[in-house]
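Excluded from the calculations below are hydrogen atoms, water molecules and symmetry mates; all remaining heavy atoms, backbone and side chain alike, are included. The first residue of the sequence shown is numbered 1, and numbering continues consecutively from there.
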Amino acid sequence: MMNQLPKSKAIERLQKVLDVIPKLKQMERNSPEFKTWQRNTKVAITKTFGNESENITDFNNISFSAFSSSDSVLQKAYVDGLESAESVLKSMIEEINEYWDDEDQTPTSSKIRENTQITTNEIFIVHGRDEGAKNIVARFLEKLDLKPVILAEMPAKGRTIIEKFEQHGQVGYAIILLTPDDAGSLQGDESDPKPRARQNVIFELGFFIGHLGRKHVCALTKGDVEIPSDYAGIEYIPFNDADGWKLKLIRELKSGGFDIDANRAFV
């Protein structure tokens, strides 16, 4: 797949060949200037949209000639072809203006993360009331020579919770502990509450999906805790007393860009 040109560059390229058309209409159909323009236009369209795009096909289908021996008929066909080319090129410019991203748009942080090499060993741990699960995961990360970041352990320095959250969220990965700390149900069905993670945990799960990208977020689930239905594409790993979760988490961390020696986890 070819790399897309900057929007302004693509428009400038097509506008350049478009601006030549009025001059060509005043010339004879076999002029050297027309031959040069025709080739330059094909190159401009191909370099902008690709060899197999509908745009280059549309241009190639334009006829600049006719089955006639009459010079006037041939000249008219030539001018009609130029007018068709003019219309097609204007349509291409409109397409770029309408559908191509503006150059001053800043990529989202998740896109930056998806395409950037991990340069930090910090892992944010989002947790609820289960202190035991939090501590087990934190000590496990330390064995892997990773640094767990736990918001409650960070000094407040007069900041609000969300301010602390934003500052310490500049990490390479987030592990979300979905532990059954709360219970909830649909309204009208209060007789059958389901075990759920705390609301702050679900909020922070969504934050890190947007902030880091799904590839850099993993959730550990404990017991029969309810799984959020709207977070497709996130890896959910059952957290229990066996070591299976550790191997799966190592796999996810490696997939997220971390260079980990798995042997360290079981020393």
Side-chain angles (χ1 to χ4, degrees), residues 1-118 206-217 229-235 255-257:
M1 182 180 293
M2 64 176 290
N3 293 327
Q4 190 177 81
L5 285 172
K7 187 173 184 177
S8 60
K9 181 66 176 177
I11 292 173
E12 178 186 358
R13 176 179 285 173
L14 296 177
Q15 188 67 51
K16 185 177 180 179
V17 292
L18 178 62
D19 290 343
V20 179
I21 292 178
K23 182 179 177 181
L24 292 175
K25 289 180 181 179
Q26 308 304 317
M27 297 181 179
E28 296 297 322
R29 58 187 175 84
N30 291 323
S31 68
E33 290 85 354
F34 169 71
K35 298 297 183 183
T36 300
W37 170 85
Q38 191 175 33
R39 182 186 182 282
N40 289 345
T41 303
K42 288 182 179 180
V43 171
I45 296 171
T46 299
K47 294 295 185 181
T48 302
F49 297 103
N51 287 319
E52 299 180 0
S53 69
E54 291 183 6
N55 304 80
I56 189 62
T57 300
D58 289 343
F59 182 77
N60 286 335
N61 286 337
I62 297 173
S63 175
F64 297 93
S65 185
F67 294 103
S68 175
S69 58
S70 168
D71 287 341
S72 61
V73 171
L74 291 171
Q75 186 65 20
K76 184 178 184 305
Y78 162 73
V79 172
D80 288 347
L82 287 173
E83 290 179 349
S84 295
E86 193 171 30
S87 177
V88 166
L89 287 168
K90 286 179 179 178
S91 177
M92 292 178 194
I93 291 173
E94 289 176 4
E95 175 184 337
I96 295 170
N97 268 318
E98 181 71 20
Y99 297 107
W100 286 30
D101 291 336
D102 293 327
E103 292 147 78
D104 59 354
Q105 287 185 340
T106 302
T108 62
S109 57
S110 62
K111 290 298 183 183
I112 294 173
R113 291 284 183 172
E114 292 290 346
N115 297 288
T116 302
Q117 183 68 30
I118 296 298
F207 172 86
F208 278 112
I209 291 173
H211 182 56
L212 301 177
R214 291 178 297 176
K215 187 178 179 181
H216 298 98
V217 177
S229 60
D230 291 337
Y231 295 118
I234 298 301
E235 183 69 21
S255 176

Please evaluate residues Tyr78 and Asn30 with respect to the criterion side chain to side chain contact (heavy atoms under 4.5 Å, CB included), reporting the C-alpha separation (whole Å), side-chain torsions for both, the decisive distance (0.1 Å), and the verdict.
CA-CA 9 Å; Tyr78 162 73; Asn30 291 323; over 6 Å; no
Under the side chain to side chain contact (heavy atoms under 4.5 Å, CB included) criterion, do Phe59 and Lys42 qualify, and how do the steps go?
CA-CA 8 Å; Phe59 182 77; Lys42 288 182 179 180; 3.6 Å; yes
Please name the pair of heavy atoms, one in [X] and one in [Y], separated by the smallest distance, quoted to 0.1 Å.
X: Asn51; Y: Ile56; result: O-CG2, 3.4 Å
X: Leu89; Y: Trp37; result: CD1-CZ2, 4.4 Å
X: Gly81; Y: Ile62; result: O-CG2, 3.4 Å
X: Trp100; Y: Pro6; result: CZ3-O, 4.4 Å
X: Ser65; Y: Leu74; result: OG-CD2, 3.9 Å

The residue among Ile96, Leu18, Thr48, Ile93 that forms side-chain contact (heavy atoms from CB on, under 4.5 Å) with Arg13 is Thr48
Atom [atom1] in [X], atom [atom2] in [Y]: separation rounded to 0.5 Å?
X: Ser91; Y: Glu86; atom1: OG; atom2: CD; value: 13.0 Å
X: Asp19; Y: Leu14; atom1: CG; atom2: CG; value: 11.0 Å
X: Ile11; Y: Glu94; atom1: CD1; atom2: CD; value: 10.5 Å
X: Lys23; Y: Ser31; atom1: NZ; atom2: OG; value: 9.5 Å
X: Phe49; Y: Glu95; atom1: CZ; atom2: CD; value: 4.5 Å
X: Gln15; Y: Lys90; atom1: CD; atom2: NZ; value: 9.0 Å

Crowded around Lys16 NZ? As in, over 12 foreign heavy atoms under 6.0 Å?
no
Between Ser72 and Ser70: side-chain donor-acceptor atoms closer than 3.5 Å:
yes
Side chains of Lys7 and Asn97: closer than 4.5 Å at any heavy-atom pair?
yes
Indicate yes or no: at least one non-hydrogen side-chain atom of Glu83 is less than 4.5 angstrom from one of Lys25.
yes
